[in-house]
Amino acid sequence: LQIFAGWNGRRPAEDGGSSPRVQTELDSVLEGRLRATLESLLSKKKLVGAQVAIIHSGRLVCDLAVGTLSTIDARPVEQTTRFPLLGAAAGIASLALLRSIRRSADQLKESPSDGPLLQTPVTRIWPQFCGGHSDITLAQLLSHSVGLQDAFPDDFKSSSLDDLPAMVQHLENEGVVSESGTRYAYILQAFALAKLGGCLTPQDELLHWIGSELGPLGLDAALPAGRGQEASVCRDLPQLARVSMNEVSSARARRRSQVSSETEQVGGSAGSRSPAEGKKPWKHSLLQALAADPLTFDPLQGNSNQGGLFRGGLSIGASARGLAELLASQELQDDLAQLQALELAGFDKSAIGWMLTGGATQFTAGGLQALQLRPRGAKALLGRRQGGYGVVSGFGPVVAHFPDLAPGGVTVAVLVNDVLHGRSAAAQIVTAALEGFSMVPAWPEVTMNVLTDAAQLARSPELAPKFEQFGGIEGLTKLFDLQTGEHEQAGAGGPGLEKSCLQQAGSGLLRCVSGCSAVCQSR
């Protein structure tokens, strides 16, 4: 099956071609520890299927696959199985865009005195963006700092996930976005990046563009081929089994009727809706669009069954090994350093941003997420934090690179397909992977800002019924793992670091310079 202009996502080694990009020297002790963690999660029904790949100093030391393709497909997950990337797809597309930008440097610079490439206005690549009268830069767009989360069309629905031309046309309306505080742009970021990729390269589809840019570095991205060999997104909620689709449709119609008559803001994370006057489009914030039609934002929309559907990028799949090879690539690291793509940029303090990013809410100028590890055990008092970067989704997918954790760096990729427990399960798996370094991930920690914003959302008229499903405020606290103790098991540390706690090393990589303790009050 030819998917998106003929690229099927296979690495050359899968077709019997060239040798793998990294040497395989599996660490039996590491794999044994991780397998025990995975089996424990499976026994507690916190996993359906999972993959873990770790590259240490250029060597593949772990490549595990456990579980099944879905709750209704008992075939086993293999190392080559692809998992839907869901919210991580936009981060991966950002890497493709960075490589396209670096190759197009001569065309993008109007004069030798121009600043860094990521400070290039988006309109220099996409002239019609935001009506063609916007000074928004590539760095602002990539770091989720242009208000895309407040730019959903008022009629955004499930079919919109596949309508790339209509969404691009919407983003070309004057005033649809503007400089604003940082808020994670769920789904819409993929549409914007797909258009930018089409402007920079001859590739006519997002997947083909990602494949042409990142496939040579190891990424094996592909859409479902319709042969049932890919993992499916799963979410076991027994109460939904007793709800008929007629009830679901009726409830959706009532929500749409209610939301269409309201123009007020929704909670602390919501943006505003612009009036449908003059040239300004009528638009919704993420939470307004979610309240109007929750099913459109259901992560199970990533189950497209076969290729050809855009699905807002949710259904694009890859293997853990493909992701690990990509982020461990020296060629990619050179691109990031040359473009200054690892400079710290926006920071999302909202509850919805925390949930959608798995807690990794500090973005870089290149669209990656800045990640921190804190020391544990004997190193907890005297050790220093380690900085890294990667792509993290609140639904489970994680790929992270820590350049100073060992000579040559350490890259960890985790893929799971149970979105209900994906965030906490992935955090526990990453913790087990880093145990040998006496480090634990700090980004899953819930901060007071996030909890305060979540409490405001729980009291909003549109979203209160949804939070009541978790037991109101008390249940919300449990949802954020503050009472269950899961955050300790997952290795989440104290609150994260301020921008002032970090600096850029000579190569552009992130480093902690203050020796922050768990009482750092940055957030």
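Note: hydrogens, waters and symmetry copies are ignored here, and every other heavy atom, side chains too, is used.
Checked against side chain to side chain contact (heavy atoms under 4.5 Å, CB included), Ala89 has the following partners two or more places apart in sequence or in another chain: Leu85. When the ring pair (Phe, Tyr, Trp, His ring centres under 6.0 Å) test is applied to Phe363, the partners found at least two apart in sequence or on another chain are His144.
Looking only at distances, no side-chain donor or acceptor of Asp418 sits under 3.5 Å from a matching main-chain atom of Val48. Within the 3.5 Å criterion, the main-chain N or O of Ala427 finds a donor-acceptor partner in the side chain of Thr431. In this structure, Asn417 contributes its side chain and Gly49 its backbone to a donor-acceptor pair below 3.5 Å. A donor-acceptor pair under 3.5 Å is formed between the side chain of Thr361 and the backbone N or O of Asp348. Of the possible donor and acceptor atoms, none in the side chain of Glu25 sits under 3.5 Å from a partner among the backbone N and O of Arg59. Side chain of Arg99 to main chain of Glu213: a donor-acceptor pair is present (N/O by atom type, distance under 3.5 Å, no hydrogens or angles). A distance-only check finds no donor-acceptor pair linking the side chain of Ser57 to the backbone of Gly408 [under 3.5 Å]. Of the possible polar contacts, none joining the Arg423 side chain to the Met355 backbone as a donor-acceptor pair under 3.5 Å is found. Looking at Gln362, its side chain never comes within 3.5 Å of a backbone N or O of Leu371 through a donor-acceptor pair. Using a distance-only test at 3.5 Å, with no hydrogens or angles considered, no donor-acceptor pair links the side chain of Asp453 to the main chain of Ser350.
The shortest side-chain heavy-atom distance between Ser100 and Trp209 falls under the 4.5 Å cut-off. In this structure the side chain of His401 reaches within 4.5 angstrom of the side chain of Tyr389, judged on heavy atoms.
Interatomic distance, OG of Ser94 versus CG of Leu193, reported as 4.5 Å (0.5 Å rounding). A distance of 10.5 Å separates CZ in Arg235 from OG1 in Thr71, rounded to the nearest 0.5 Å. One finds the CG atom of Leu217 at 6.0 Å from the CG atom of Leu326 (value rounded to the nearest 0.5 Å). Between atom CG of residue Asp335 and atom CZ of residue Arg102 there is a gap of 4.5 Å, rounded to the nearest 0.5 Å. Once rounded to the nearest 0.5 Å, the distance linking CD of Gln333 with CD of Gln338 reads 13.0 Å. Rounded to the nearest 0.5 angstrom, Leu207 CG and Phe310 CZ are separated by 10.0 Å.
Residues Gln51 and Ser319 bring no donor and acceptor atom of their side chains to less than 3.5 Å of each other. Counted by atom type alone, Thr447 and Asn449 present zero donor-acceptor pairs between their side chains at under 3.5 Å.
Scanning both residues, Ala318 and Leu219, for their nearest heavy atoms gives CB-CD1, 3.9 Å. Residues Gly87 and Leu314 come closest through the heavy atom pair N-CD2, 4.2 Å.
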From CA spacing to verdict: side chain to side chain contact (heavy atoms under 4.5 Å, CB included), Leu141, Gln189: CA-CA 8 Å; Leu141 176 64; Gln189 189 83 345; 4.2 Å; yes

From CA spacing to verdict: side chain to side chain contact (heavy atoms under 4.5 Å, CB included), Leu69, Val77: CA-CA 6 Å; Leu69 296 181; Val77 173; 4.2 Å; yes

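Heavy atoms from other residues, nucleotides or ligands lying under 6.0 Å from CD of Glu78 number 12 at most.
Ion pairing between a basic and an acidic side chain is recognised when a charged N comes within 4.0 Å of a carboxylate O; Arg311 and Asp162 show such pairing.
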